[in-house]
Every structure is written in structure tokens, then in C-alpha cells.
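Notes follow the structure.
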Amino acid sequence: MKRSTFVATGAATGGALVLGFEFAPSGRITSFADAATTRLVGFVTIAPDETITIVQPQAEMGQGVQTSIPMLVAEELDCDWSRVRVESFPAIDKIYNNPAFGIMGTGGSSSVRGWFMPARKVGAQARAMLVAAAAQKFGVAASELRTQNGVVYHDASSRKATYGELAGAAAALTPPADVTLKTHDKFTLIGKPVKRLDIRDKVDGRAQFGIDVVVPGMLYAAIRQSPVFGGTVGHYDEANTLKRPGIKKVVNLKNAVAVVADRFWRAKSALDALNISWSDGPNASLDDAKIAADLKAALDDDASAAVAKQVGDAAAALKGAAKVVSAEYHVPYLAHATMEPMNCTAHVTADSCEIWAPTQFPGPIVQVAQRFTNLTPDKIKIHQTYLGGGFGRRANMDFVIQAIMLSQAAGAPVKLIWTREEDVQHDVYRPVSTTRIKAGLDSTGNLVAWQQRIASPSIFGMNPGFGPPQKVDDSSVEGSADKRYSIPNFLVDYVRKDFAVPVFFWRSVGNSQNGFFFESMLDEVAHAAGKDPYEFRRALLKDTPKLLNVLEMTAKLGNWGKPLPKGSARGIALCESFGSTVGEVAEISVDKGNTLRIHRVAVVIDCGTVVNPDTVVAQMQGGVNFGLTAALFGAINIAKGRVAQHNFYDYQMVRLANAPHIDVEIVTSSGPPTGVGEPGTPPIAPAVANAIFAVTGKRIRTLPFVKAGFTA
Amino acid sequence: MKLSVNGKTVNVDDAPDTPLLWVIRDSVGLTGTKFGCGVAQCGACTVLVNGEATRSCSVPVGSVAGKHVTTVEGLTKGDTLNRVQQAWVDAQVPQCGYCQSGMIVATTALLAKHPHPTDAQIDDSLTNICRCGTYDRIRVAIKKAAGAA
């Protein structure tokens, strides 16, 4: 995380935080300023009626950032929270860069982590400007003033002024470079369960998602992409299609065909009637068997293996071990399946490009649009809508690029909407992954050696725009290589094996599979040692008190060790990801017909300082269900070079009837905030798999559970 | 053809086999009803047709002529939420929010039929998909709304 980015922005502009504006040397606003509403420090607008509007640059995709980032600003601003409103960014500008990335974007459970200090600094600067304006007005020193709930008070003379009264004068001042932030004990908002600001709009249909965007003169597009990865368009029946009502254009995008029409259903129906033939290209024979065989071979490919983490000598320790436990684990590709299918609206003209997108990364869209339009950045405007789910999928640009190209081809604003079938078959997928683990126990059942090889496609290798390729892709080994159990001889290495199936970031990324691999295998090892899986972990965590605390709290919340009826059991898992530690206990039952029920999940998270506790609870609940869907049902299969699944009937999701009751406890901490959006996901698959073993004696080493004969 | 949506009569010129969903969204201009799957699997497009929860992606508009269609926008009276919507706010249910229109409409229909639904009735009626995994809170909110009846 690059915390310095925000500070550097201030320094580069002469100490004045020029956030949202380009200030001339005099401090006057010279670009995109709204005379009626002047933004303090580029983020805070105070209206005469005391309404406070705060720019929230992160993508709201359900994680509550629309509320938690403004809470950070408001905390230091000392304003009246009930008057706070939120607006999206007024322009792509480096001042709105996610401080964790240095670009405008949302991912990696980084929003609160990145903005925790910078957003508070914005609030403190705006407050200081309001205080300075009051000091001028009253003719007193700023140090004689105090602020509370949107009012500046001069107690000595019993005078006061509201922020609304002071905003105009404050806007003319230069933001102070140095401000003092509150100590944690002075927080009045941070740490309180605040009602989310976006929820009212999400119960009556008024919240605007990307798919809801309407632009004057807008046309609609439906798209079909080559079923085989890497295939291209052959022939299609354009002449007959153009005769259908409302059809404006058929566009050949080389790897896809789109129909543009005056209504979406007309475009979609015409697309269905196009009779497209495809040129399948070199990948038409790729299938699961080939992928599995290549990954298996990769596990034996010593020459290609790169070390991810090494402590002691695992090979030697295995030779001297009293008992060795070996196993191979495997997970399939997974689709994101956001509820809102991919969509984007673009309007490209000769001298402008305007884009409305449910995107996680609005910043880089500018470069993408530049590449396709040859326009300069000042001619490119990006609007970020609500996202109907993100989970990493909406960090990709494919659907945005298509919308740009279709608007160019149609000469009109175009809203492109993918069908669910396109969404499932043309996702960028959580990689398939295979691992082989050998663990050694000494004569008293202590874990003395862990040797693990992981073979999988490399996300960073296959998406070079996201960073330089690494010998060991962290995203392939995270959740295994970075485990902090005390194991004296430890080796995790990695063999990269890519396939034609595109891969990408999927909620919790590598932790989603490595959490399952590592925590399931640790359970196997505990049983081989004849020890309770919880006690076995406790012994391995005696040197890491933070993790031990989470583990012990999880066992308590999860009623570990308490009796259960026959056919029921608990499983436990502990994973660290995105800086946070999460423990989960799953309480399950399996009946004679192999029907698996997950009754209750107990979750404990240590995520440092908590901004909005109810959001943390919600993200743990959501993260568990997201991981549970993958563990129970999730598999994208490849046959004849294409995805075998189509829609929710063959890519099943957890629904209300399968969803467990989830209890969440948050560790009290004043440490720096750590990730929340993703860390709830990794522990659930191993927690349930370990519980299944406890009930049935059957060890599940390949996901999903339904492939092992269980129904849910 | 003429359609009754949220108590108002609207004229639309879509072909009769056009799914009701796309007529509501693109011709009537009410976007609270969402497209999720197109095959009546996920329930994001749920509306009431004569009070019955109906997955509008899989119903041709021609089949609802003369019937009363209610979308999520039609559940509010002025700015006042119905008890299901209010329960959703109180329980802080939505995350991304995309599926919640369908959840709320389906729950409104459920409570009209079963004012105090059992867990089994809830499981049978609310088969909509929420990818954010808000299910625990949905159950709480349904029971809150039922209690407020």
C-alpha cells in the first residue's frame, strides 16, 4: 500500500491540497468549479441550508463505502452527520486516486485502508478553513474557537457561526498543509454502527445502476462473443437482420458480433436470428481433462518450480518425520456472476467521449478511451454508477471497450447489455488450481514439516497491465505461502501453467483456493496426529497472539467442543488476508441421503480499527455466502474450448433455503484498519469441508461439494 | 397495446411477445425492475401481476393486457415506504442492492398470502438470488415486516 501518494499530491501543489480543482497561483478556481457550491479541499460542499455534500470516489458495489468514506471526512469535519449527502467524483483527477493504488479504483479490500488517514485529513483541513473564516469574522484567534455539529463557537464572547454561513469565506482560504487529526478516543462517528446512506435508494427502485442509465438519443446493443476462447467471427445473416423493426446496425468486432437497435429486446432478438458461424481458432480442443493433466504434470515439474516461501529444510524434515501425510487438492475455474450483468453506456463523437459505467476502475478508463478515440483526456468524461456487484469482475475493461467501439460504429450513444449467458461464458475467471502437500509429524504429533507445490495459471502473468510479471505470482500462492503457523521446516513453491481461459481477480483472489487447500490439509494433519483441530491450531499459534486471539474467540462463538446430535458436526478454519484475520466455525449436518445443511456459521474478524461495524458484519455475512456458493456448487467447466455453463440453472448460487445463520464478532482494536470486503470468504470452504469430514469421515479435496455426491 | 402499471394506463408499441421486463424498463421507463438472468431463475425482475409475484423476464407483455402490474416503484405511496421496504431499511438489508427490488416485491406478495410466514414458507417463496449474500438479513426483515402487519 502506498500511503505516501496522497501526501505527495499535496506537496506537488505547493502544500495546498488542490483536490478536485486546478487552482491558479492566486488560489482562484479555474476549472470545473460550480460558483454556487464551492468544494472545500475538493471534497466538501457546504450549502447555505447546512447540507454537507462529500465526494466519495470509491465504487459502491455493496461494501458500504458510500457511507464509510464520508464518515471519515465527517468525523474530522465535526459536521452534523444527519446533513451529510454523498456525490460521485466530479472528474477523473489524481486527488481522487485510491491512496492504496495511486489510481482511481476499488479492489483488494483497500478503500477504508487507503482512505483512513487521507479522508480524515480532508475533513480536518476543511474544518480548519471554516475555523479560520470564523476567526476572521469574529476578529479572534483560531485557537479560541471550537467546533461541534456543524457550528463554530467562540465561547468567550458567546458568538457562533454555522458552517453554511462560513463556507463562502472559507473557500477563499488556502487549505492548511498540516492539520492535527483526532486521537481515537475522541471519535464520535468512527466505530459507531451508522445507517448506510445508499439503502433508502435501494428499496424503491430509484438507485441508478449502470444498466439503468438513459441518455438522450440512446440506442441499445446486444452482443455475442466467440464461444471458443480466442475464436473469431465467420459469417452471419446481416441483410435479413437489418430488415427487422428498430435495427440500426450490425457490428463485427472480430471476436464478437453486436446488434444495435432502438430497444434492447429488438437488438437481442435480432442477434439470436443472425445465425453466426465462428472460426474457432487454436483452442477448440481445450477441455477439463487436458487442463487437469497439464496441472498434474506441472506438480512434478521441479525445474519450473519457483520458491514462494522457504523456512528450514522441509525435504530433510519429511525424511526424518515419524509420520508423513500427503494429499492433492484441486479447485475449478469460477465465474463472478454479479447480479447486474456487464453493461456500459458510451457516447463518442468526433471531439468528445462520455462513458457511464458500473466500473471498479474509472481512472484507467481514461487511458482505454484515449487509445480507442485518440481524444485527449480533457475530452473524456467518466460517470460511475452504482455497481450491481463487483467481486473483482468490474476491474476488467472488456465491456467498456466494446461500448466505446459500438458508439463509434453507430454514431450515437449506445447502451451495451450482456445477457447472463454472455456473462457466464465470457467472464475472466478465478483460476483453476492444483496443489500437492506433504506434512511431517514427529513422534509426539507435532507438525515439523510442510512441503507444498501449487500449479495454476498466473493472474498477473495473463494480465500484464496490472503489474510486472513475477516469478512467483503472489495471487497464486497467497493464503498458503504467507501462513503464520509455527512450522520449523516450511516450503511453498509454484509452477505457473496458463491456459486459453482468461483469469482475473475474484473476491479474495488466491486466498479463495489456498484457504481451502491449507486449512483442509491442516485438519487432515491434526486428525493424523490424533489431536483436536482447534487445539492443534492453538499450539501452532502460540507465537502470534493476534491470530491466537481470533482463533480462541471463534471457537467460543462457534461453541467448539459442545455436544451436537448425531449427523451434525463443526469444522473450524482460520485465514489471514488483506491484513485481516478471520476465523470461522461452521455447524453442519449430513443426512442419510447426503443432503448437506449448513446451519450456523460463527465468524470472528480482527480488522484493526473499525469504521462502520454494521458494514463489517454485513461483509462477513456476505463473504461467507459468497464462499459457500463456490464450495457447494461453483464450477466452470471447459469443453471444446468453451465454458460448459450458461446461466443460473447450471451455475447455481446459494439461495435463502441454503443460507446459514451467521453470527459475527469483531475484535476490539485500535490498530490501523485492514481489509473487510474479501477476508470473510476464504475460511468457509475449509470450515465446512472439515465439518463434513467430522460427520462422514469423507475428506473432500476437490471443490465443489456437489461433485462429491452431496446435495444442498 | 394498453398496460396498467402502478395504477396508471400506459400505451406501448412493443411486439406482444416482448418480455414484460423490457417493456417496463425501456418503454415505460421504470428501471427499478432488474434484468438478472432472462430465464426466471434469479427473481431480480419480480413484479406483481394482479397481486401475484411474477418473473417479468419470462412473461410476454401480450399476456398481461388488462391485468394490473405493480413494480417496486409502485409499492411506495408518495414518499412513504410500504412495510416491507421499511423493514428492509430497518434491517439494513441491501448491499449492492441490485436484487432487492425483486426480493421486496416477492416478499410483499408472500405476506399478502401468508401474513405470518413460517421459515419453510419463506424458503419456498423467496427463491430469488442475492449474490452479495444478504439472506440472513432478508429473513430478519421478512419477520419484522410480518410483525408490523
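Bear in mind the structure is a predicted one, so any value in this text is a computation, not a measurement. Chain naming here is simple, since letters A, B, ... match the order of the sequence lines and numbering starts at 1 in each.
- Contacts of A:Val617 with chain B are made by both backbone and side-chain atoms, with heavy-atom separations under 4.5 Å.
- Note: A:Trp506 and A:Phe626 meet the aromatic proximity criterion, with ring centroids under 6.0 Å apart.
- In this structure, no portion of A:Pro245 lies under 4.5 Å from any heavy atom of chain B.
- Neither the backbone nor the side chain of B:Thr71 has a heavy atom closer than 4.5 Å to any heavy atom of chain A.
- Of the atoms belonging to A:Asp614, heavy atoms from both backbone and side chain fall under 4.5 Å from chain B.
- Only the side chain of A:Asn647 comes within less than 4.5 Å of a heavy atom of chain B; its backbone N, CA, C and O stay farther away.
- For the options B:Thr134, B:Val23, B:Val39, heavy-atom pairs under 4.5 Å to chain A are most numerous at B:Val39.
- Your options are A:His336, A:Arg206, A:Arg266, and the one with the most heavy-atom pairs under 4.5 Å with chain B is A:His336.
- Each of B:Asp26, B:Leu126, B:Ile129 has some count of heavy-atom pairs under 4.5 Å with chain A, and the biggest count is that of B:Ile129.
- Closest approach of A:Glu584 and A:Val582 over heavy atoms only: OE2-CG1, 3.5 Å.
- Residues B:Gln41 and B:Thr127 are not in side-chain contact: their nearest non-hydrogen atoms beyond the backbone lie 4.5 Å or more apart.
- In this structure, B:Ser56 and B:Thr33 approach most closely via the heavy-atom pair OG-CG2, 3.8 Å.
- With A:Gln66 as reference, A:Glu60 is the one residue of A:Arg196, A:Glu60, A:Gln58, A:Met61 to meet the side-chain contact (heavy atoms from CB on, under 4.5 Å) rule.
- For B:Asp14, the parts sitting under 4.5 Å from any heavy atom of chain A are the backbone and the side chain alike.
- For A:Ala618, the parts sitting under 4.5 Å from any heavy atom of chain B are the backbone and the side chain alike.
- No donor-acceptor contact under 3.5 angstrom links the side chains of A:Asn625 and A:Arg655, judged on distance only.
- Contacts of B:Leu75 with chain A are absent, with no heavy-atom separation under 4.5 Å from either backbone or side chain.
- Distance check, rounded to the nearest 0.5 Å: NZ of B:Lys143 to OG1 of B:Thr107 gives 12.5 Å.
- The two atoms that bring A:Ala337 and A:Asp427 nearest to each other are N-OD2, 4.2 Å, heavy atoms only.
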Before giving the answer on side chain to side chain contact (heavy atoms under 4.5 Å, CB included), spell out for B:Gln92 and B:Arg137 the whole-Å C-alpha distance, their side-chain angles and the decisive distance to 0.1 Å. CA-CA 7 Å; B:Gln92 295 280 289; B:Arg137 293 182 184 213; 3.7 Å; yes

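- Heavy-atom distances place both the backbone and the side chain of A:Ile662 under 4.5 Å from chain B.
- Per-residue heavy-atom pair counts under 4.5 Å with chain A were compared for B:Gly32, B:Pro94, B:Cys42, B:Gly97, and the maximum is reached by B:Pro94.
- For chain B, the nearby part of A:Ile417 is the side chain; its heavy atoms alone come within less than 4.5 Å.
- Both the backbone and the side chain of B:Thr18 come within less than 4.5 Å of a heavy atom of chain A.
- Proximity to chain B involves both the backbone and the side chain of A:Phe264, based on heavy atoms less than 4.5 angstrom apart.
- Heavy-atom distances place both the backbone and the side chain of B:Ile122 under 4.5 Å from chain A.
- Options A:Ala659, A:Gly64, A:Pro341, A:Gly390 differ in how many heavy-atom pairs under 4.5 Å they form with chain B, and the most are formed by A:Pro341.
- Using cut-offs of 30° and 60° on the angle between ring planes, the pair A:Tyr386 and A:Phe209 is tilted.
- With a threshold of 4.5 angstrom between heavy atoms, B:Leu81 approaches chain A through side-chain atoms but not through N, CA, C or O.
- Here A:Arg263 is the residue among A:Gln621, A:Arg263, A:Gln619 with the most heavy-atom pairs under 4.5 Å with chain B.
- With hydrogens and angles ignored, the 3.5 Å screen pairs a side-chain donor or acceptor of A:Thr67 with a backbone N or O of A:Leu197.
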Stepwise ring-ring contact (aromatic ring centres under 6.0 Å, His included) test for A:Tyr220 and A:Trp265: CA-CA 9 Å; A:Tyr220 296 80; A:Trp265 190 253; over 10 Å; no

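- B:Gln100 places no side-chain N or O within donor-acceptor distance of the main-chain N or O of A:Lys202, the cut-off being under 3.5 Å.
- A:Thr615 does not touch chain B: none of its heavy atoms, backbone or side chain, sits under 4.5 Å away.
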